[in-house]
Novice: 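The structure's right below; bear with me while I get my questions together.
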2 protein chains.
Amino acid sequence: MLDPVSRVRRFNRAVTSAVGALDTSFLGRGRPLGAARVLNAIGHGRSDVAEIRDYLALDSGLMSRLLRSLEDEGLIETAAHEDDARRRVAKLTRAGRREFAAYEALSNAQAEGLLAQHSQREALLAAMDLIASALTRERVALDEVDPRSEQARYCLGEYYAELGRRFSQGFDVSLSRDPDAKDMRRPRGTFIVAMSDTLPIGCVGLKGTDHGYAEIKRLWVAPAARGLRLGRRLMDAAEDAARELGIGLLRLDTNSALPEAGQLYRSTGWREIPRFNDDPYPDLFFEKRL
Amino acid sequence: MLDPVSRVRRFNRAVTSAVGALDTSFLGRGRPLGAARVLNAIGHGRSDVAEIRDYLALDSGLMSRLLRSLEDEGLIETAAHEDDARRRVAKLTRAGRREFAAYEALSNAQAEGLLAQHSQREALLAAMDLIASALTRERVALDEVDPRSEQARYCLGEYYAELGRRFSQGFDVSLSRDPDAKDMRRPRGTFIVAMSDTLPIGCVGLKGTDHGYAEIKRLWVAPAARGLRLGRRLMDAAEDAARELGIGLLRLDTNSALPEAGQLYRSTGWREIPRFNDDPYPDLFFEKRL
DNA sequence: CATTTTATCTGACTAAAGTCAGACATCATG
DNA sequence: CATGATGTCTGACTTTAGTCAGATAAAATG
């Protein structure tokens, strides 16, 4: 009763019935699940018919019929794709948006019901984040985004909060050398976030300088996503971007209060060098030639 | 992207596809899911046909056909129930046990695959326990068991380990007044474990004495199950058992290093009394008249 | 012991999901 | 611009799941 596999299987059973309950509530809107799923996929912004078919793993014949039935209900409209008249795009009508909103309300109610079952909400949410990150591990997308984008700002906020917790003297962004956003945009540098589904779970910045090297900044991995080797993937992506931009030398600074970071650098070809800036927070400095 | 409901829904999506993958692998054995589910229910020890039907929420007609198809495959045998010839009981044949083992292997492989996705196995397992406990909250069964049973011994082991962590001086069972198992069996007392599915997640002992009162001992709730008001449910069950046994006065001892326990007692009609034993660990003593 | 209740089974049915082959229009390529 | 590839659609089909109304036999009840 204690072995890991039984614990996972107990989790599976618990979660299966919760998921089944959502399906049942979806059926309450008088439409087969297949049609409801297509409607929801369109509502969530998937317009390309081929993409929906792929996402829901549907046969093209079945997909076609489901679209027809939604059209007959007056919930969607389809049209030929602008660039390729073989492809079709679907969008919700006014009635479709209403119906989609009703499904959204059901999903939200289920999610809230699930949360309400536990008085330690934050613990439950953290556990869910951890599991969702583990399960979607191979579907984590590394996206280059603007360092001022919502995703980037979220990651940086979490990063600063974590430094505040980990440094004995706390962390104050204004004392640190805050990189200029334009140094982390192409062609001088870039900013990469790791997205699991719709949640940012890690980031790294590549900051261009005028001193013949670029710097790696703001490497962060969400607590729920640790253990997935995401730090390494982010670093690899940043180094790839640097190579693309013709950068031959990288530097970074870090702090010995973050031992896992130092270990990552050492194991991936970085070598320690003397201090190369006067930022008060770092006490370890690394360099890597590409 | 940060609000609790989106986090829950992200978790739902992640988990749905993992669960779907198991169904798909079950289909790989060339049998519809309905039949596979019935076979597995029988394999897991459910023999009574009515019980299986109830568990899987199947119509009696459908259930009957599924049993017939498994019988035709030579995987199960059915017979009339010993005590009631209307009822049927099903059991696996030799071939059925082989086939069941194959399904078990698939389930175990899926569970292991899921675990392998995360290098921090313990963190992942703890998160799964937490979620499974929250989701099966209303299905937690309070069972009276022998204090020497496997479930009871597991709970006590966890309980002692936790005391060791929470007491600054550690905890050594041999120094404490370890209750005799026979004092926690009917008719002198009882021992109750809270079972979530197959996992014990809490316990409490009612220990009979010869001094005109009974004692509450070993109240424990697994970390993953805290916040579900399980402690209160266990105490209620223990008090109910005491009333059944004709016990009019209850006492217990606890330690101020366990503040949540003290709070529970105070809020449920217990009043503090002077020390009534010489156990070195407790420093708080309570009494409740039933 | 007659009557009612219960557990299972059978036949007849429907709905939903999924499969497959071919038709058709459009696009990409040499 | 002929040819093959691609994306969608339609018709014909099967499988799976599920429903419902009796039929039957065995308890339970008065």
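Per chain, numbering begins at 1; letters A, B, ... match sequence-line order. In what follows, every heavy atom counts, from backbone to side chain, and hydrogens, waters and symmetry copies are set aside.
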Novice: For atom CZ of B:R186, is the number of surrounding heavy atoms from other residues, nucleotides or ligands below 6.0 Å larger than 12?
Specialist: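 Yes - once you tally the heavy atoms of other residues, nucleotides and ligands closer than 6.0 Å, there are more than 12.
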
Novice: Can a salt bridge be assigned to the pair B:E71 and B:R68 using a cut-off of 4.0 Å between side-chain N and carboxylate O?
Specialist: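 Looking at B:R68 together with B:E71, the answer is yes, because their closest N to O distance falls below 4.0 Å.
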
Novice: Separation of B:L67 atom CG from C:dC9 atom P, in whole Å?
Specialist: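 About 6 Å, once rounded to whole Å.
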
Novice: Determine whether the side chains of B:S196 and B:T136 contain a donor N or O and an acceptor N or O closer than 3.5 Å.
Specialist: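 Judged by distance alone, the side chains do pair up.
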
Novice: Which residues satisfy the side-chain hydrogen bond (donor to acceptor under 3.5 Å, both in side chains) test with B:R37, sequence neighbours excluded?
Specialist: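 Expected list: none.
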
Novice: By side-chain hydrogen bond (donor to acceptor under 3.5 Å, both in side chains), which residues pair with A:E73, not counting sequence neighbours?
Specialist: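 Listed in chain order: A:R31.
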
Novice: Taking CZ from A:R68 and P from C:dA17, how many angstroms apart are they, rounded to a whole number?
Specialist: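 It is 17 Å, rounded to the nearest whole Å.
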
Novice: Atom CD of B:E51 to atom P of C:dT8: distance rounded to whole Å?
Specialist: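 Checked: the CD to P distance equals 11 Å.
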
Novice: Test your reading of the model: is there a side-chain donor-acceptor pair from B:T93 to the backbone of B:L75, 3.5 Å cut-off?
Specialist: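 Yes: the side chain of B:T93 pairs with the backbone of B:L75.
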
Novice: Pair B:S107, A:R9 - check side chain to side chain contact (heavy atoms under 4.5 Å, CB included), show working.
Specialist: CA-CA 8 Å; B:S107 290; A:R9 291 183 58 181; 3.4 Å; yes

Novice: Check the interface with nucleotides 25-28 of chain C: list each N/O to N/O pair with the protein under 3.5 Å, or write none.
Specialist:
residue: C:dC27; atom: OP1; partner: A:A85; partner atom: N; Å: 2.7
residue: C:dC27; atom: O4'; partner: A:R86; partner atom: NE; Å: 3.4

Novice: Aromatic rings A:F26 and A:Y103: how do their planes relate, parallel, tilted or perpendicular, breaks at 30° and 60°?
Specialist: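 Rings of A:F26 and A:Y103: tilted, 30 to 60°.
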
Novice: What integer distance in Å separates B:R88:CZ from D:dT24:P?
Specialist: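 Rounded to the whole Å, the gap is 17 Å.
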
Novice: Is there a residue in residues 54-62 of chain A whose heavy atoms reach under 4.0 Å of DNA chain D, and which residues are they?
Specialist: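 A:S60, A:G61, in order of number.
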
Novice: Where the side chain of A:R65 is concerned, which of D:dT10, D:dT8, C:dT8 is the nearest nucleotide?
Specialist: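 Looking only at heavy atoms from C-beta outward on A:R65, the closest nucleotide is D:dT10.
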
Novice: With a 4.0 Å heavy-atom cut-off, tell me which residues in residues 21-41 of chain A come close to DNA chain C, sorted by residue number.
Specialist: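 Nucleic-acid contacts, sorted: A:P32, A:L33, A:G34.
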
Novice: Using ring-ring contact (aromatic ring centres under 6.0 Å, His included) as the criterion, list what pairs up with A:H81, not counting sequence neighbours.
Specialist: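 A:H81: no ring-ring contact (aromatic ring centres under 6.0 Å, His included) contacts found.
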
Novice: Using only atom types and a distance under 3.5 Å, with no angle test, would you say the side chain of B:R46 pairs donor to acceptor with the backbone of B:Y55?
Specialist: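 No; judged by distance alone, with no hydrogens or angles, the pair does not exist.
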
Novice: Rounding to a whole Å, what distance do you find between A:D72:CG and D:dC9:P?
Specialist: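 In whole Å, D:dC9 P and A:D72 CG are 12 Å from each other.
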
Novice: To the nearest Å, how far apart are A:M63 CE and C:dA17 C1'?
Specialist: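 Atom-to-atom, A:M63 to C:dA17, this comes out as 15 Å.
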
Novice: Regarding B:D143 and B:Q151, do their side chains bring together a donor and an acceptor under 3.5 Å, going by distance alone?
Specialist: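 No, because no side-chain N or O of B:D143 sits under 3.5 Å from a partner of the opposite role on B:Q151.
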
